[in-house]
Amino acid sequence: MILTTLLLLSFQLLGRAEAFVQRPWDESYALANAKVAQMTIDEKVGILTGVGQFNSRCVGDTHPVDRLGIPAICFQDGPAGLRLVKGVTGFPSGINTASTFSRRLMRARGVALGEESRGKGVNVFLGPAMDIMRNPKAGRGWESFGPDPFLTGEGAYETIVGVQSTGVQGCAKHFVGNNQEHWRYGVTADFDERTMREVYGWPFLRSVEADVSSVMCAYNRVNGTSSCGNADLLGPNGFLRENGFKGFVVSDWGATHDTAKDVANAGLDMEQPGDWIVIGGGDFNDLISGLKPAVNNGDVSIDRLDEMVGRVLAAFYHLGQDSGFPAVNFDAQQPSTPTALARRTSMSRLEFVVPPVDALTAENAGAGAAALATSLSNDLDAGASAARDRDVAVVFANAMSGELGFYDVVVGNMGDRNDLDLWFKGGSLIERVAAVCNNTIVVIHSVGPVFMPWSSHPNITAIVYAGAPGEMTGPSLVDVLYGRYNPRGRLPFSIADKETDFGTSIVYDSLTGFPEINYTEKLLLDYRYMDANGITPRFEFGFGLSYTTFVYSGPLSIVSSASGARAVTFTVANSGDVPGTEIAQLYLGFPAGAGEPKRVLRGFEEVALGVGESRSVTIMLGQRDVSIWDVVRHAWVVPPGTFTVTVGASINDVRLTGTF
Ligand code: NOJ
């Protein structure tokens with residue numbers, strides 16, 4: 001019998017959950033507006049404008065107003081740790097965070113990111129990223145939480161609550177439709193109102209519900225209009241404000257493609273990094289930007305100017321940054337030289353990374369330990385020869401991607417991946433090793449799905465999908481391989497055999513300049529597209545194994561309340577012989593005719609169980625969870641008819657079914 005085991009590397013964080021009490025928004029606005037009333041136009045414009053790319057200790061600083069006690073506000077990336085800062089943690093990426101399907105761990109990571117930001121004097125942590133992984137090759141998909149809007153929304157929500165619990169501002173980015181690197185400075189992402197509400201806007205809605213204090217508008221255009229000059233997104237009746245957003249909107253660095261008049265009146269509050277918003281007035285050396293002449297000639301009203309400054313300062317007061325906030329104690333313009341072990345990703349220096357080879361070597365240092373042979377090159381013959389006749393071979397392969405722009409083109413990949421193959425002939429290496437060792441364990445470090453045509457090879461006994469796990473990759477892997485940690489993560493995307501199985505593509509070439517990308521697939525990404533097209537993935541969304549087994553028992557109880565919420569209750573038991581954590585997942589089938597995908601993720605719960613233990617689990621479905629966006633009424637509406645609820649260990653491993 002072929003035993004193929006897919007394990008997911010997960011992680012444990014110990015955030016110090018010392019909740020910071022936020023000042024109410026109305027009090028924060030009162031404090032902010034009292035300051036605004038005392039300011040000159042130059043001071044106001046200075047608060048709304050970065051000091052210039054490479055001119056500050058943070059990746060973005062505003063101009064201080066010393067006489068009123070307002071410091072420069074420091075913005076720093078995010079989202080997988082502090083970028084360009086020495087001595088900080090290289091955290092697990094967003095995509096690995098999604099693979100925990102654990103609100104507890106999402107929150108704990110947020111708290112830890114916030115604490116580290118606060119310690120460095122960062123007022124605004126530039127994260128989380130929540131761009132939907134529309135296509136698995138998208139260069140920055142791994143910074144956020146995958147292709148599913150519900151999972152991405154929960155990742156965004158918990159991260160923001162965690163970060164802001166430390167008194168550091170979160171920044172929900174990149175609003176919106178920032179889904180590929182090629183042509184990112186002007187590509188237009190064209191999607192309809194329902195797709196916006198149910199897919200791309202959903203995580204931003206959850207961010208507003210998490211009380212995020214800032215949102216970053218994106219480089220790209222949406223339906224032909226620049227994100228940072230888009231009143232439908234940013235204006236008084238636009239998406240953010242209509243959903244109750246109280247903070248400020250900052251441009252991505254250099255994402256203001258229109259005049260100061262246009263962007264300010266559309267709803268942009270702050271321009272970063274401060275030296276490019278010169279169209280419409282000012283010149284390149286005038287770091288106070290084109291906003292001042294636009295105010296002076298009446299193109300931007302004083303009321304609007306005051307509103308912009310008020311929002312920025314209110315966010316500062318809301319997070320209590322007016323008292324006891326540490327001074328900036330790093331210099332992003334002079335980050336340390338990476339050590340031999342460190343490597344630079346597009347987001348953070350993994351200064352303290354412990355590579356798997358070091359962790360495995362340390363594990364086998366003592367007397368009587370296994371004798372290791374290693375092959376640390378990409379040479380296929382050397383790899384096969386190191387593995388030949390060994391009891392166990394652990395073979396590593398990877399596929400990476402990143403941000404286009406300031407960063408390098410890596411082995412021909414310009415930000416977005418060129419394909420879904422493993423890099424450096426990783427697939428061939430795996431096949432060569434599996435041919436000579438009948439206990440081959442494959443470890444994949446990757447930013448997203450990769451092709452795995454070898455997965456059912458009889459000599460491959462385990463596959464560890466390690467993802468982009470941050471600096472502790474080696475020790476985490478050893479814990480999983482040696483059984484000290486029972487894996488519990490789940491795939492936050494599907495792994496399929498063909499690029500066309502995903503139903504979307506990256507636009508690499510355009511003869512006519514910035515391309516227009518029509519999101520014709522609408523709601524059908526990843527498993528939703530595969531469902532609609534009869535495609536069976538190699539490993540499905542939500543799939544992952546444990547060293548123990550779990551039994552679900554029902555019947556599924558579905559209880560409705562007067563508010564329209566529904567409580568779905570069932571029991572999970574650990575039927576194996578080691579403690580473990582099950583990730584119970586709830587998928588919803590909407591009534592026929594609702595125009596929804598066949599099944600959508602609408603709930604998950606981690607269930608930690610000792611041997612023989614069982615627990616009753618309840619997953620709540622709120623009113624919006626069972627609604628569709630009605631484009632005639634412009635509102636969330638519960639469609640009439642019968643809903644189907646499935647609960648199980650993955651989208652395809654269905655254990656219980658019910659209807660309401
Ligand atoms: C551009 C990136 O798109 C954004 O994510 C980042 O926060 C800014 N640069 C600042 O570094």
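Both counts, for ligands and for their atoms, begin at 1 and track the order of listing.
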Can [X] be said to touch ligand 1, with heavy atoms closer than 4.0 Å?
X      : answer
Tyr219 : yes
His174 : yes
Arg140 : yes

Do Tyr200 and Asn179 have side-chain atoms, one donor and one acceptor, less than 3.5 Å apart?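 Side chains of Tyr200 and Asn179: no pair found under 3.5 Å.
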
What I want to find out is whether [X] reaches [Y] closely enough, with some N-O distance under 4.0 Å, to be called a salt bridge.
X      : Y      : value
Lys522 : Glu198 : no
Glu193 : Arg197 : no
Asp258 : Arg221 : no

Which ligand 1 atoms does [X] reach within 4.0 Å, using its non-hydrogen atoms?
X      : answer
Arg184 : 3 (O)
Met216 : 7 (O)
Arg83  : 11 (O)
Asp252 : 1 (C), 2 (C), 3 (O), 4 (C), 6 (C), 8 (C), 9 (N)

N or O contact, Trp253 vs ligand 1, cut-off under 3.5 Å: no

Mode of Lys173 contact toward ligand 1 - side chain, backbone, both, neither (heavy atoms, under 4.0 Å):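 Side chain only.
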
Check Glu143 against ligand 1 and report side chain, backbone, both or neither, counting heavy atoms closer than 4.0 Å. neither

Nearest-0.5 Å distance, OG1 of residue Thr89 to CE of residue Met472: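 Thr89 OG1 to Met472 CE: 8.5 Å, rounded to 0.5 Å.
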
Ring-face cation contact, Tyr157 with Arg206, 6.0 Å cut, 45° max: yes

Residue list, side-chain contact (heavy atoms from CB on, under 4.5 Å) with Tyr529, at least two apart or on another chain: Leu524, Asn533, Ile535

